[in-house]
Amino acid sequence: MPLMANQPRQSVYDLTFPALASEMSGLATVHAKVLWRTLHREAETRLSERDDFQRPLRQWIEDRMGSSGRFYLENLELADQSESSDRLTRKFLLRLSDGQTIETVLMGYNGRHTACVSTQAGCAMGCVFCATGQMGFVRHLRPGEIVGQVLHAQRSLRASGREGLRNLVLMGMGEPLHNYDSVMTALEIISDRRGINIGPSRITISTVGVVPGILRLADEQRPYHLAVSLHGATEADRAALVPASRRWSLAELIAACRTYGEKTGRRIFFEWTLIAGTNDSPVHAAQLAKLLCGIESHINLIPLNPTSRFSGVASAGASTIEFQRVLREEGGFPSTIRQRRGIDVAAGCGQLRAEKMR
Ligand code: SAH
Ligand code: SF4
């Protein structure tokens, strides 16, 4: 069907499989499956060059995805990229159709790869140490723009002769639960077994603590892992780093995490960016252990990545080890120190875009 006047064209990557199949309902279902596999599994960028499609599918693509068709084939353009000196981290700056740029990071570990994707251009939450927070909110990403980042990472891996994008973390630019519906649609597309097929148990959503979103994840029984960024264990300490905690207090957030844990039976990951002299003492660790008492938790300790508008510095190694010991001995909590791999490619969220704009 040709495009109606004033009707915006839609990215074919915004569609879930059922939505695509419904658009193609005049054709045998096999054609929707072939197109889906081509788009998502093969990550094909030029459909017009495919000569292996059967005639009805070729015709559908010509009518619906041609220059006056309802859908277009979206490809995120590579604006810049960099690689860490150990070659384990690759960072992409991708340009969206309106010129905005977002970051996607590909990390390798033991031959397994994790993609870290953005969910918004900029972020409204304003965490003081975060380069994305420092630039402010620009706009939400559509599902297709989130899916497109995974496909870009997948193509980059394949181009260097590697397969196996295994895990996905929503820890790039933006706050995923502030863009709930688009993020859930994107995750449904990314975890679809006929396509990209990153299973829900290999997907982690990281949130600054958007309480209504956490409760909605629990109510809807979404099968993904949840990581909650804390950074402070008292209202005052947290508010100094995370302005969003004035909207959803620490008390409300922890109550929501308890509800989430009870409703889903799932362990929660808590993230704590360690800043020397600010939140890295044994007293802070003891407060954190007390706060999380009774919640099945794993704590990820993240060394601070320096950013231009925050004067704090990363904790010393000895403080980090001591922090871990207190968490373990006073609360029985396991913790992991996030590797600082990639610091030389400005792998902290939002940093590559911030540098590029300067
Ligand atoms: N908005 C979500 C997800 C994106 S940020 C959230 O805040 O959870 C992903 C993680 O990176 C968060 O835990 C965040 O606190 C952390 N982070 C952001 N900037 C950082 C920096 N400069 N150094 C270390 N960690 C940082
Ligand atoms: Fe936004 Fe997360 Fe950065 Fe905070 S840390 S400003 S929530 S992207």
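Bear in mind that the values here come from a model prediction, so they are computed numbers and not experimental data. We count ligands from 1, going down the list as the structure has it; atoms in each ligand are counted the same way. Side chains are part of it too, since the values below use all heavy atoms of this structure and drop only hydrogens, waters and symmetry mates.
Between H231 and F129, the ring planes are perpendicular. Angles over 60° get that label, and only those under 30° would be called parallel.
Taking only nitrogen or oxygen atoms, main chain and side chain alike, S229 reaches within less than 3.5 Å of ligand 1.
Taking CE of M65 as the start and CH2 of W60 as the end, the distance is 6.0 Å to the nearest 0.5 Å. For the atom pair T101 OG1 and E103 CD, the distance stands at 7.5 Å (nearest 0.5 Å). To the nearest 0.5 Å, the span separating CG on L165 from CG on L106 amounts to 6.5 Å.
Looking at V242, L241, V208, V210, it is V208 that brings a heavy atom closest to atom 7 (S) of ligand 2. Considering only non-hydrogen atoms, atom 24 (C) of ligand 1 lies nearest to T273 out of V169, T273, L230, V128.
Of all atoms in ligand 2, listed by their number and element, those nearer than 4.0 Å to a heavy atom of C123 are 1 (Fe), 6 (S), 7 (S), 8 (S). Of all atoms in ligand 1, listed by their number and element, those nearer than 4.0 Å to a heavy atom of G174 are 1 (N), 2 (C), 3 (C), 4 (C). Taking every heavy atom of G133 and a limit of under 4.0 angstrom, the matching atoms of ligand 2 come to 6 (S).
The closest approach between C123 and ligand 1 stays at or above 4.0 Å for every heavy atom of the residue. Ligand 1 lies less than 4.0 angstrom from a heavy atom belonging to H231. Using a 4.0 angstrom heavy-atom cutoff, L170 counts as in contact with ligand 1.
With a heavy-atom cut-off of 4.0 Å, E271 touches ligand 1 through its side chain alone. With a heavy-atom cut-off of 4.0 Å, T132 does not touch ligand 1 at all.
Geometric assessment of R9 against the ring of F71 yields a negative cation-pi assignment under the 6.0 Å and 45° thresholds.
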